[in-house]
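Okay, structure first, notes after.
Just so it is clear, the values below take in all heavy atoms, side chains as well, and ignore hydrogens, waters and symmetry mates. Just so it is clear, the model here is predicted, and its values are computed rather than measured. Letters A, B, ... are given to chains in the order of the sequence lines, protein chains preceding strands, and every chain is numbered from 1.
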Amino acid sequence: MTFKSILDEIENNLNKILSDLSISDVKFSVEPAKPGFGDVSSNVSYLLAKQLKKSPKEIAEMISDKYSDCTSTLVLKSEAHTSGYLNFYANWDNLSQLILSESYLDTCGDVDIGNDSTIVVEHTSVNPNKALHIGHIRNIIIGDTISRILHKAKYKVNVLNYIDDSGLQVADIIVGFKHFGYDQESPSGKKFDHYCGDDVYVKTTEKYEADPNLEEIRKNVLKELEDGDSETAKFADKITRRVLAGQLETCWNLDVTYDCLNFESQIVRSGLWDKIFEKLKEMKLVEFENEGKNGGCWVIRGEGKEDDKVIVRSNGTATYIAKDIPYAAWKLGLLEDPFNYEKYASEQPNSRVLWQTTLNQTNPISKNFTGDKVVTVIDSRQARLQKIITTLMGKFKSVPDAYNHLGYESVTLSSETAKTLGLDTDGKQAQMSGRKGLYVNADSVYEILKKKTKDETKKRHPEMTDSEIDSIAHYISVGTLRYEMIKQDLDKIITFDLTKSLSLEGDTAPYIQYTHARASRILEKSGRIPTIDVDFSLLKEQSELDLIKNIGLFNLQVRDATNNLSPKVIARYCHDLAVSFNSFYEKSKVLALGDIDLENSRLCLVNSFKIVLEKALDLLGIKAPDRM
RNA sequence: GGGCCCAUAGCUCAGCAUGGAUAGAGUGCCGGACUUCUAAUCCGAUGGUCAAGGGAUCGAAGCCCUUUGGGCCCGCCA
C-alpha cells in the first residue's frame with residue numbers, strides 16, 4: 001500500500017466518529033494536504049456545519065478531540081485549523097517504510113480498475129497517402145499513452161490502427177501515379193511516405209483546382225478502388241502498404257506499437273456492412289426517406305434540432321460514416337469476425353507481435369482483438385459523427401459507456417512557423433492541411449530535436465562515444481516530443497512553433513529526465529546497492545518527506561488518469577515528482593556525509609524515486625537515460 | 001440557423017469532474033547560486049477585476065442562466 005493507506009485509515013476513523021454521532025451519508029473528502037497544512041486534510045467539518053448548527057472550526061476541534069482516541073498507526077496527530085479544515089500529520093517513520101517498501105515492488109503503481117477485462121484502443125488511423133505530421137503525432141501519443149495507462153490499470157488492451165486505404169485521399173495519389181506520371185520511386189534520400197505526401201498528393205490536388213475536368217478521373221479511380229480485383233486496387237494496395245511502412249517507422253521510432261492493423265478495404269469487402277445494415281433496419285435505427293431533400297436515402301434521425309444523417313445514398317452506396325458503423329460494432333465484438341490474421345512483415349522494435357487482418361483463406365489464423373469496451377482516439381472535429389456511433393453502439397451493447405470517443409483539439413501552426421512554410425497568416429495561427437502541403441512532418445521535428453540534443457550532450461560529455469551520445473539524444477528527443485503532445489489537457493489547442501515548442505528547459509521531458517540522471521549518478525557513485533533495510537526515521541527533512549509523499553501518490557495518479565482517460569495527469573505527476581526530487585537534491589546531500597546510516601536511508605529514497613519515476617515515465621512512453 | 005469547445009499572471013498552461021484554507025507552475029524580465037552527488041538545475045523578485053453580468057449557497061475560478069470574444073463542426077465528400 002501507499003499514501004492511500006493513510007487516507008484510508010483517516011477515512012475509516014472519521015466514519016467511526018461520525019457513526020458514534022449518529023451521522024451518516026456525508027461524503028467528505030480526505031486528501032493529500034496543500035503545503036503548510038500538514039499531510040492530509042479533510043473538509044468534513046464544513047459539511048456538518050448546518051446539521052450540527054456549529055461553526056466548521058468548532059466541529060473540527062470536536063472531531064480532532066475525538067480523533068485522539070482512535071487507533072492509528074500512520075497518523076501522529078490531528079489539528080483543527082482556524083479555517084475549519086481538519087488537518088492530519090503523518091507518522092512518517094511508519095509511512096515512509098510503507099511507501100518506500102512498496103516502491104521496490106513490480107506492482108508499484110498498479111490499480112485494479114479493469115479487472116482483466118479487455119479494452120480496445122484505436123489510434124493513429126492516418127490515410128496511407130502521406131507522412132505523419134505533428135498533428136497526427138498528438139493523436140498517436142495520446143492513444144499510446146492511454147493504452148499504457150489502461151494496461152497499468154489492469155485492462156487487457158488491444159491497440160488497433162485503422163488503415164483507411166480505400167478513400168479519396170488514396171485515390172488522389174493513385175491518380176498522380178497513374179495519370180500524371182509521377183515516378184513510383186522517391187528521389188534518393190527521401191522516405192516514400194514523405195514523397196507521396198509532399199509531392200504526389202499536394203501537386204495532384206493542385207491540378208484538380210486548375211482543371212475541374214480531372215475530377216472525372218478521380219471518381220473513376222475511387223470506384224475502381226472499391227473493387228478489390230481491379231488492377232487499380234492492386235496497384236493502390238502496393239503503394240499504400242509502402243506508405244504505411246514509412247508511417248509505422250515514424251511511430252516505432254517514438255516507441256509506439258500496435259497489436260493489429262485493420263484495413264478499411266477489407267472491411268468494405270468483408271460484407272460486414274450488409275449485416276449491420278440489416279440489424280439497423282431490424283432495430284428501426286435507420287429509416288428510409290420517401291421524399292424531401294433526402295428522398296430515396298436511408299437516414300439516421302438527428303436528435304433534437306440536429307439534421308438527419310444520410311448513411312445510404314439514393315444510388316444505394318454507403319456513405320463515409322456508414323463504413324465506421326460495422327467497424328465500431330466489430331471492435332465491440334458484436335459481429336462474427338470475417339477476418340483471418342497474419343503477422344505483419346516487419347517486426348516492431350519491442351517484442352510485441354503486430355498482426356494484420358486478411359481476407360485470404362489459406363492458412364487461416366483466427367485471433368480476437370475486440371474488447372468489452374472501446375476507446376477511439378479521434379480529434380474533436382469528428383465529435384458529431386462519433387456521437388452518432390456512440391449512441392448506436394449504446395443501443396447494440398446495452399452498456400452505455402462501452403464505446404468511448406476520446407476527442408482532443410487539433411494542433412495548429414504558429415504564424416511564425418506558418419510563415420516559414422510560405423503562408424502569411426497576418427499574425428494568426430494556421431490550421432494544418434495535408435492537401436495544401438501546410439504541415440510540419442513528424443520525422444523532421446524529430447531530426448531537429450535530435451540535432452539539438454546531440455550538440456547539447458556532446459558539449460556536456462566530450463568523453464562519450466558517438467553511439468552513447470546518439471542513444472541519449474534519441475531518448476531525450478522522443479521524450480521531448482511525447483511530453484509536449486501530452487502535457488496539456490485534451491481540450492486545449494496546441495500551437496506548434498518550430499522554435500518555442502522544442503525547448504529543453506522548464507516544464508519539459510529533459511527536465512524530468514535530468515532528475516533521473518542525477519539520481520542514477522548518486523547511486524553509481526555510492527558504489528553500494530541500496531536496500532530497503534534502513535532506518536526510515538532518519539528521513540525527516542521536509543524535502544525528504546515531500547519526495548516520499550509524491551512517490552506514494554503514484555497509484556492514486558494512475559487511478560485518476562484511468563478514470564478520466566486523461567494522460568496529462570501522469571505527465572503532471574512525473575513533473576511534480578521531478579520537482580520534489582530537485583528540491584531534495586538541493587537540500588539534502590546523500591554521499592560523503594560521514595554518517596553511514598543516514599547515507600543508506602537517503603540512498604534507499606533515491607533508488608525508490610528512480611524506480612517510481614521510471615515506471616511513471618514508462619506510462620508516457622518516455623525512457624530516462626542514466627547520464628545526460 | 002443548430003451543435004461542440006475555449007477564455008485564469010506579458011505569453012503558454014495547472015486548478016474546475018467531487019464548491020471550502022493563502023488561486024499555482026513554466027516562460028519572459030530583474031537579481032543571486034557551479035572548488036560541491038551533473039547548473040538541461042536551484043533560490044529570490046516582479047507579475048492576477050480567474051472574460052463580463054446575474055443567480056442559487058454560510059461560502060464560487062469551479063455549479064446554473066445570460067452576454068461578449070475566439071476556435072471548430074453541421075454534404076447523397078472522406
Side-chain angles (χ1 to χ4, degrees), chain A residues 27 29 31 33-37 41 43 45-47 49-50 55-56 81-85 87 127 164 166-171 222 289 293-299 302-307 309-321 323 379-385 387 407 409-410 412 428-429 431 453 456-457 460-461 476 487-495 497 500-501 503-515 517-526 560 563-564 566 568 572 575-576 578-579 582-583 585-592 602 606 627-628:
Chain A
K27 283 191 180 160
S29 69
E31 297 167 326
K34 291 210 277 188
F37 296 99
S41 299
N43 67 349
S45 0
Y46 291 103
L47 306 181
K50 200 170 224 174
S55 75
H81 189 266
T82 51
S83 64
Y85 258 104
N87 297 328
N127 287 299
D164 179 0
S166 61
L168 203 57
Q169 296 203 20
V170 167
L222 187 59
E289 202 77 293
K293 65 169 182 171
N294 294 331
C297 300
W298 287 89
V299 302
E303 284 178 32
K305 289 175 180 172
E306 287 178 6
D307 280 344
K309 186 76 205 164
V310 172
I311 64 165
V312 176
R313 305 182 184 100
S314 52
N315 68 5
T317 57
T319 59
Y320 166 73
I321 184 177
K323 291 184 193 170
D379 78 75
S380 29
R381 285 175 293 200
Q382 299 220 36
R384 207 187 180 96
L385 292 180
K387 197 179 152 210
E409 278 294 342
S410 49
T412 63
K428 283 187 190 165
Q429 49 184 254
Q431 291 283 331
T453 49
E456 194 65 35
T457 311
R460 287 153 197 268
H461 300 283
I476 298 175
K487 73 173 176 185
Q488 300 192 12
D489 218 336
L490 302 177
D491 56 19
K492 288 286 195 305
I493 294 169
I494 294 181
T495 306
D497 184 278
K500 289 181 196 154
S501 302
S503 166
L504 306 175
E505 287 165 16
D507 185 10
T508 64
Y511 173 90
I512 299 166
Q513 289 169 313
Y514 188 68
T515 61
R518 280 179 150 182
S520 297
R521 194 70 171 145
I522 292 173
L523 294 168
E524 186 194 321
K525 282 216 165 177
S526 77
D560 190 13
N563 287 336
N564 295 303
S566 179
K568 69 128 199 281
R572 299 196 68 77
H575 181 255
D576 290 349
V579 168
N582 272 332
S583 167
Y585 186 92
E586 203 67 21
K587 288 172 189 143
S588 309
K589 297 289 174 254
V590 179
L591 301 178
R602 286 185 177 166
V606 170
R627 303 181 67 179
M628 62 185 275

Determine the interatomic distance between [atom1] on [N] and the same-named atom on [M]; round to the nearest Å.
| N | M | atom1 | value |
| --- | --- | --- | --- |
| B:rC13 | B:rC58 | P | 37 Å |
| B:rC6 | B:rG54 | P | 24 Å |
| B:rC29 | B:rC65 | C1' | 42 Å |
| B:rC50 | B:rU41 | C1' | 31 Å |
| B:rG44 | B:rU27 | P | 14 Å |
| B:rA9 | B:rU49 | P | 8 Å |
| B:rC34 | B:rC72 | C1' | 50 Å |
| B:rU8 | B:rA61 | P | 15 Å |

Is it true that a side-chain atom of [X] and a backbone atom of [Y] form a donor plus acceptor pair closer than 3.5 Å?
| X | Y | value |
| --- | --- | --- |
| A:Asn294 | A:Cys297 | no |
| A:Thr508 | A:Ser503 | no |
| A:Thr457 | A:Thr453 | yes |
| A:Arg602 | A:Lys589 | yes |

How would you label the contact of [X] with the nucleic acid (heavy atoms, under 4.0 Å): base, sugar-phosphate, or nothing?
| X | answer |
| --- | --- |
| A:Thr457 | base |
| A:Ala383 | nothing |
| A:Ser501 | nothing |

Paired with A:Pro510, the side-chain contact (heavy atoms from CB on, under 4.5 Å) test is passed by just one of A:Glu456, A:Met628, A:Glu505, namely A:Met628
Per nearest nucleotide of RNA chain B, the residue lying toward the 5' end, A:Lys50 or A:Ser41, is A:Ser41
Sorted by position of nearest nucleotide on RNA chain B, 5' first, the leading residue of A:Ala49 and A:Ile522 is A:Ile522
Give the rounded distance in Å between these two atoms: [atom1] of [X] and [atom2] of [N].
| X | N | atom1 | atom2 | answer |
| --- | --- | --- | --- | --- |
| A:His575 | B:rA40 | NE2 | C1' | 13 Å |
| A:His461 | B:rA39 | NE2 | P | 11 Å |
| A:Met628 | B:rC37 | CE | P | 19 Å |
| A:Lys305 | B:rG2 | NZ | C1' | 7 Å |
| A:Lys589 | B:rU36 | NZ | P | 11 Å |
| A:Lys428 | B:rG69 | NZ | C1' | 12 Å |

With sequence neighbours left out, write down each residue that passes ring pair (Phe, Tyr, Trp, His ring centres under 6.0 Å) with A:Tyr46, or none if nothing qualifies. A:Tyr85
Holding to salt bridge (charged side-chain N to carboxylate O under 4.0 Å, His left out), I want the full list of residues that pass it with [X], two or more places apart in sequence or in another chain.
| X | result |
| --- | --- |
| A:Asp576 | none |
| A:Arg518 | none |
| A:Lys387 | A:Glu306 |
| A:Arg381 | A:Asp379 |

Which residues satisfy the side chain to side chain contact (heavy atoms under 4.5 Å, CB included) test with [X], sequence neighbours excluded?
| X | result |
| --- | --- |
| A:Ser583 | A:Ser543, A:Lys587 |
| A:Ala578 | A:Tyr511, A:Ile512, A:Thr515 |
| A:Lys323 | A:Ser166, A:Glu226, A:Glu264, A:Val268 |

From C-beta outward on A:Ile476, which listed nucleotide comes closest to its side chain: B:rA40, B:rC37, B:rA21? B:rA40
Between CG on residue A:Asp489 and NZ on residue A:Lys487, distance to nearest 0.5 Å: 13.5 Å
Give, for atom CG of A:Asp497 and atom CD of A:Gln429, the distance between the pair rounded to the nearest 0.5 Å. 11.0 Å
Based on the glycosidic angle (syn within 90° of 0, else anti), state the conformation of B:rC34. syn
Between the protein and nucleotides 41-45 of chain B, list every N/O to N/O distance that falls short of 3.5 Å.
| unit_1 | atom_1 | unit_2 | atom_2 | d |
| --- | --- | --- | --- | --- |
| B:rU41 | OP1 | A:Gly506 | N | 3.3 |
| B:rU41 | O3' | A:Asn582 | ND2 | 3.3 |
| B:rU41 | O2' | A:Arg518 | NH1 | 2.9 |
| B:rU41 | O2' | A:Arg518 | NH2 | 3.3 |
| B:rC42 | OP1 | A:Tyr511 | OH | 2.6 |

Which dot-bracket string fits RNA chain B when only Watson-Crick or G-U wobble pairs with both atom distances under 3.5 Å count, crossing pairs get [ ], and | stands for a partner on a different strand? (((((((..((((......[...))))(.((((.......)))).)....(((((..]....))))))))))))....
Mark up nucleotides 8-17 of chain B, 5' to 3', with B wherever a protein heavy atom is under 4.0 angstrom from a base atom, S wherever such an atom reaches only the sugar-phosphate, and - elsewhere. ----SSSS-B
Which nucleotides of nucleotides 72-78 of chain B have their base under 4.0 Å from a protein heavy atom (B), which only their sugar-phosphate (S), and which neither (-), written as one string 5' to 3'? SBS-BSB
